[in-house]
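Presented below is the structure to which this report refers.
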There are 2 protein chains.
Amino acid sequence: MTGPALRDWRSVRDEVLRRIRAREWAPGELIPNEADLAVEFGCARTTVNRALRAVAERGLLDRRRKAGSRVAVLPAATAKLAIPVIRKEVEALGRTYAHRLMERCEAAPPETVARAMRVPAGAGLLRVRALHLADGGPYAFEDRWINTIAVPGAADQSFDRVSSNEWLLENAPYTHGEIAFSASKASAGEAGLIGCARGAALFVLDRLTWDGAASVTKVRIAFAPGHRLRTVL
Amino acid sequence: MTGPALRDWRSVRDEVLRRIRAREWAPGELIPNEADLAVEFGCARTTVNRALRAVAERGLLDRRRKAGSRVAVLPAATAKLAIPVIRKEVEALGRTYAHRLMERCEAAPPETVARAMRVPAGAGLLRVRALHLADGGPYAFEDRWINTIAVPGAADQSFDRVSSNEWLLENAPYTHGEIAFSASKASAGEAGLIGCARGAALFVLDRLTWDGAASVTKVRIAFAPGHRLRTVL
DNA sequence: CGCCGCATTATGTGCATACATAAAGCCACG
DNA sequence: CGTGGCTTTATGTATGCACATAATGCGGCG
């Protein structure tokens, strides 16, 4: 059963994946340690380590020092989502992108927004509302609050040529953030802008980004009905 | 500017991230090559390589042989989604999980399903419909088709004790699959089962998994209103 | 002047080795 | 009999080196 030596880490990774899928190593079971596998595969332990690390990143192995590596029992399917700039997303569909700025003003945010962004209740934030278009039709509606203290340049931007979505990604560095997806019924206002029936089910993305302790921007993007977020496993 | 030597790859990674965020290395710009960075940081090139690879995986660097590494211009925010078994998801919320099997029968799938799963139009598939409950209330409704040829054991499972969701993840290996998220209005049937108003906006997950060339299962899970899929950036 | 191919160069990977670190589990001691 | 601490072990990582691979871009040739 000692086939040809598996000398590169991708081969080792693939062989490990095969054994897991084929149940040669059953869920919950401890697999041989790196040194033994290295001997079996005829390669260096470093190579086995690289391979096992890759498998563990996919969630199919649980690794712990001293305890060894065991096959994950209920591997949470992990999907790597790429959330591109909306312009890119539209263009990737072979459609023509455009955007229309609906509103741009300085305003005090509602209490929920102020709390989420951790800014004083009366603080003036920049509010931008804009429609993203694909082939001239509504694609998504964006409702955004920008912390102009964290993003100084934003106050000077009109956002009529470059969308705030895109401008911020290029110009507002962030250290971390959260994204949430949900479904929501279209309000009367949204229905009018997006061009759908009132009460239609909209796919909604909420994103809040931070630069250290300061919030950068909070945005809600409601996509036109039919929008799907796809990914491969 | 030669601070204390950055000897481990995490430090190097963090320093690289800092420089990108601080615009010391501007978007689109070519960064120094690995060898030079290794000299600057006082570590081996291998270590720099490991660090840059990690940054590239986050999407903040584009690396190409010979061309070098350049800072990504529009880094598509990449989020790693973990889609756990529903029972785990509910329990992670500190709620009590239960599930109720609504239907389990062998049937010929509608044409759209047959085509998506690439099975003959008249083929008999196992259909399972079940409700997932949290603290006794509806959490999600699952409508599933199982290819019993690809998953032999499934025909003998009643799915009344262990949900098909969980049983399949443990027992049906797959090589790849697709997931799509969308929003959909609750049909009359769904509304009744989930206990929401008809026409409510539901967050829907569609998953189709494959084992090589054979489809394993196709499932649509509609979550109760208010459900959010969260992830960090 | 244009195009092709090869030299150059930056990243990608494998290996042997050494040491770091976490933690399981045993043993001695109370 | 319980427990704290030490030993052992498996993974984690740093390093120097060598060679693989891709692709750029220059130089030579038609």
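Lettering follows sequence order; numbering is per chain, from 1.
Under the rule for a side-chain contact (heavy atoms from CB on, under 4.5 Å), the partners of A:Arg87 that lie at least two apart in sequence or sit in another chain are A:Val85, A:Glu91, A:Tyr97, A:Glu166, B:Leu74. In terms of the salt bridge (charged side-chain N to carboxylate O under 4.0 Å, His left out) criterion, residue partners of B:Arg129 (sequence neighbours excluded) are, by chain and number, B:Glu103.
Contacts between chain A and DNA chain D, taken as any atom within less than 4.0 angstrom of a protein heavy atom, begin and end at D:dT9 to D:dT13. Chain B approaches DNA chain C within less than 4.0 angstrom (heavy atoms of the protein), and the contacting nucleotides run 5' to 3' from C:dT9 to C:dT13.
Among all heavy-atom pairs drawn from A:Thr47 and A:Cys43, the shortest one is CB-SG, 4.0 Å. What you find for A:Leu30 and A:Arg70 is that their closest heavy atoms are CD1-NH2, 3.4 Å. A:Leu202 and A:Phe223 get closest at one heavy-atom pair: CD2-O, 3.4 Å.
Backbone-only engagement by A:Thr47 is indicated by non-hydrogen atom pairs under 4.0 Å involving sugar-phosphate atoms exclusively. Within the nucleic acid shown, B:Asp8 comes within 4.0 Å of sugar-phosphate atoms alone, with no base atom in reach, counting heavy atoms only. B:Arg45 comes within contact range of at least one nucleobase, with a heavy-atom separation under 4.0 Å.
When each of A:Arg64 and B:Trp9 is assigned the nucleotide of DNA chain D bearing its nearest heavy atom, the one mapping closer to the 5' terminus is A:Arg64.
A:Asp135 has a carboxylate O that lies under 4.0 Å from a charged side-chain N of A:Arg95, or vice versa, which qualifies the two as a salt bridge.
Between A:Phe159 and A:His99, the distance separating the two ring centers is not shorter than 6.0 angstrom.
Sorted by first and then second residue, the salt bridge (Lys or Arg N to Asp or Glu O under 4.0 Å) pairs involving residues 29-38 of chain A (not counting sequence neighbours) are A:Glu34-A:Arg45, A:Glu34-A:Arg63.
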Residues B:Ser182, A:Leu229; criterion side-chain contact (heavy atoms from CB on, under 4.5 Å); working and verdict:
CA-CA 6 Å; B:Ser182 57; A:Leu229 178 70; over 6 Å; no
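Put simply, the residue from B:Leu208, B:Asn147, B:Val151 that forms a side-chain contact (heavy atoms from CB on, under 4.5 Å) with B:Val216 is B:Val151.
The stretch residues 28-38 of chain B has no heavy atom under 4.0 angstrom from DNA chain D at all.
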